[in-house]
Amino acid sequence: MNFATIIDKKKNKQELTSQEIIWVVNSFVNDTLKDYQMAAFNMAVWFNGMSDAELAAFTKAMINSGITYDLKGVKGPFADKHSTGGVGDKTSLIYAPLVAKFGIKVSKLSGRGLGQTGGTIDKLESCTGWTGEISEAKFKEVLNTVGVSIMSQSKDVVPADKKLYALRDVTGTVDSIPLIASSIMSKKLVVPADSIILDVKVGSGAFMKTIEAARELARTMINIGKSYGRNVSVLLTDMDKPLGRAIGNALEVKEAWDTLHGKGPADLNELCTVAAAVTLVQNKQFESLMEAETAVQEVLSAGSAAKYLEDFVTAQGGNFEMIKDFDKYFTTKYQHVILAKQAGYVSFTSAAALGYLSMHLGAGRATKEDKIDFAAGIYLNKTTGEKVEIGEPIMTLYTNIDNETQFVSDANDLVQICEKPIKGSVVIDWIH
Ligand code: URA
């Protein structure tokens with residue numbers, strides 16, 4: 001096959017055959033197709049989309065690029081969750097322990113940060129020693145002993161997505177419905193979970209900027225799931241505002257730990273409660289969402305699911321003491337406190353811009369090769385809708401990079417003080 005012919009077809013909106021799609025994915029995985037060629041292919045997909053048949057072949061080729069798991073020898077039920085990515089989104093770190101507390105094992109494959117958004121694997125790596133690159137035997141062992149295990153893609157597990165994800169991140173091809181749908185669903189379909197919940201973010205901090213696009217992505221992923229006989233539910237959630245107060249890797253793990261002790265911010269609390277409750281309903285542990293939410297709220301208030309986070313991080317080699325004794329382990333050379341210039345109600349011009357600011361502070365990658373600074377990030381002393389008096393701290397920037405003037409100016413540009421509070425629930429809709 002010839003790449004020039006294939007890219008020409010895609011560019012000219014002609015449908016590719018399954019053989020052509022499989023050839024592209026396989027050639028990229030085995031390095032015969034170069035990054036620049038795959039980047040061109042992704043960009044053509046970004047502009048022209050994919051037909052249902054193309055998407056089915058693409059997703060299947062991604063799954064077949066590596067091994068799949070059977071979970072034999074581990075007693076279920078099994079649940080999986082994935083988010084399309086947002087700013088401050090540490091939901092999985094809270095959701096997984098909550099669901100495990102109810103006897104449902106969370107067997108999950110996660111990704112790294114992409115664009116302005118953070119990734120679960122990067123966050124967990126804040127705990128020195130933690131690794132998501134574990135064998136199938138280790139994955140099963142942790143599931144059996146703790147009830148939660150999170151793997152990252154490796155050269156064995158959906159390697160096509162691992163390579164593609166990194167390339168899309170730096171070539172402006174993240175926000176494409178077929179590329180996101182295949183990326184997420186390939187990672188969900190290699191593990192045989194009984195239920196899958198997808199958190200599709202919508203708003204300025206998300207890849208889907210409009211509710212219509214978010215619904216289309218949701219439908220696309222539900223359809224892929226259905227074709228594999230999977231029970232998929234989708235939450236559409238607001239990402240016009242960052243989620244919670246912490247943005248940046250270790251800061252977010254700490255916020256997850258606090259939330260599991262009933263001390264989380266209201267929006268994060270709401271989303272984690274609903275996501276866990278949906279899983280409990282999907283797995284028939286409760287008949288109604290309301291009953292399930294009440295039960296989850298009780299667990300959160302009692303702090304009785306927190307130990308699952310600590311145990312799972314420790315079981316995968318991580319030093320969880322670093323989160324418990326946060327200030328000892330995560331210090332930055334600079335802490336810039338941004339103060340309110342007037343009184344009123346806080347809002348931010350864009351959640352994405354907060355994500356990018358956090359990335360520039362060292363918490364994310366601008367290029368594939370960048371190393372993450374786990375201590376870097378932003379803490380929102382005041383978040384959207386909260387009242388602030390003149391001179392009070394709105395946010396604190398943590399960084400080891402010497403660029404104060406620029407960082408402070410960027411942060412100040414992001415702050416808006418309104419006369420009335422912006423309110424709204426984080427969960428917009430449940431599609432099931
Ligand atoms: N999350 C993923 O796993 N893949 C994407 O493409 C976007 C978000």
Side-chain angles (χ1 to χ4, degrees), residues 38-39 41-50 55 58-59 62 81-92 109-123 153 158 161-188 196-225 232 234-243 247 252 271 275 348-359 363-366 368 426-429 431:
M38 198 63 200
F41 180 85
N42 288 339
M43 192 54 90
V45 171
W46 192 95
F47 277 104
N48 294 334
M50 274 185 177
L55 183 57
F58 195 71
T59 309
M62 305 246 288
K81 165 195 173 287
H82 206 88
S83 148
T84 56
V87 178
D89 183 12
K90 67 285 289 174
T91 312
S92 293
L109 195 60
S110 286
R112 294 191 179 274
L114 202 56
Q116 77 274 19
T117 72
T120 304
I121 297 296
D122 295 327
K123 290 171 207 201
Q153 295 129 293
V158 206
D161 183 57
K162 184 178 160 83
K163 275 192 88 184
L164 261 175
Y165 205 80
L167 183 63
R168 286 167 55 212
D169 191 20
V170 291
T171 54
T173 46
V174 172
D175 53 344
S176 146
I177 289 179
L179 294 180
I180 295 179
S182 52
S183 162
I184 292 183
M185 292 312 289
S186 62
K187 290 192 287 270
K188 300 301 95 182
I196 300 171
I197 177 162
L198 303 173
D199 176 2
V200 174
K201 308 261 178 221
V202 55
S204 72
F207 299 130
M208 297 296 103
K209 305 289 180 211
T210 65
I211 192 82
E212 293 75 23
R215 283 190 195 284
E216 191 187 333
L217 176 60
R219 269 194 304 272
T220 308
M221 294 195 288
I222 288 176
N223 285 343
I224 297 175
V232 181
V234 177
L235 291 178
L236 295 187
T237 69
D238 175 46
M239 194 26 79
D240 262 332
K241 318 185 254 302
L243 188 61
I247 306 168
E252 293 192 38
L271 176 49
F348 301 101
T349 52
S350 133
L354 278 168
Y356 282 118
L357 175 58
S358 170
M359 181 180 100
R365 294 180 196 83
K368 273 202 304 184
V426 64
V427 178
I428 301 168
D429 202 359
I431 307 174

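Nothing here was measured: the structure is a model prediction, and the numbers come from that model.
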Residue pair M50, F58: steps toward the side-chain contact (heavy atoms from CB on, under 4.5 Å) verdict | CA-CA 9 Å; M50 274 185 177; F58 195 71; 3.6 Å; yes

I'd like to know if the side chain of [X] reaches the main chain of [Y], judged simply by a donor and an acceptor atom lying under 3.5 Å from each other, with no hydrogens or angles considered.
| X | Y | value |
| --- | --- | --- |
| T220 | E216 | yes |
| K188 | L109 | yes |
| T84 | K201 | yes |
| K209 | A206 | yes |
| R168 | T173 | yes |
| Y165 | R112 | yes |

L217 versus F207: any side-chain heavy-atom pair under 4.5 Å?
->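 No; the side chains remain at least 4.5 Å from each other.
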
Are any of the side-chain heavy atoms of L55 and I224 separated by less than 4.5 Å?
->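 They are in contact (side-chain heavy atoms under 4.5 Å apart), so the answer is yes.
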
Matching residue for L235 among I431, L271, L198 - test: side chain to side chain contact (heavy atoms under 4.5 Å, CB included) |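 It is L271, the one option of I431, L271, L198 that forms the side chain to side chain contact (heavy atoms under 4.5 Å, CB included) with L235.
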
Criterion side chain to side chain contact (heavy atoms under 4.5 Å, CB included) against M221, the qualifying member of V234, V232, V200, T59 =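 Testing M221 for a side chain to side chain contact (heavy atoms under 4.5 Å, CB included) against V234, V232, V200, T59 leaves exactly one candidate, V200.
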
Worked verdict on K81 versus T91 for side-chain contact (heavy atoms from CB on, under 4.5 Å) = CA-CA 9 Å; K81 165 195 173 287; T91 312; 3.8 Å; yes

Stepwise, does the side-chain contact (heavy atoms from CB on, under 4.5 Å) test hold for M208 with I177?
-> CA-CA 8 Å; M208 297 296 103; I177 289 179; 3.8 Å; yes

salt_bridge(D122, R365) N-O dist < 4.0 Å =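 Counted as a salt bridge, because a side-chain N and a carboxylate O are separated by less than 4.0 Å.
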
Is the closest basic N to carboxylate O distance between K163 and D161 below 4.0 Å?
->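 No, no charged N to carboxylate O under 4.0 Å.
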
[atom1]/[X] to [atom2]/[Y] distance, rounded to the nearest 0.5 angstrom?
| X | Y | atom1 | atom2 | result |
| --- | --- | --- | --- | --- |
| D89 | T237 | CG | OG1 | 7.0 Å |
| F348 | S204 | CZ | OG | 11.5 Å |
| S186 | K162 | OG | NZ | 13.5 Å |
| I184 | M62 | CD1 | CE | 10.0 Å |

Pair M38-L164, side-chain contact (heavy atoms from CB on, under 4.5 Å): steps then yes or no | CA-CA 8 Å; M38 198 63 200; L164 261 175; 3.8 Å; yes

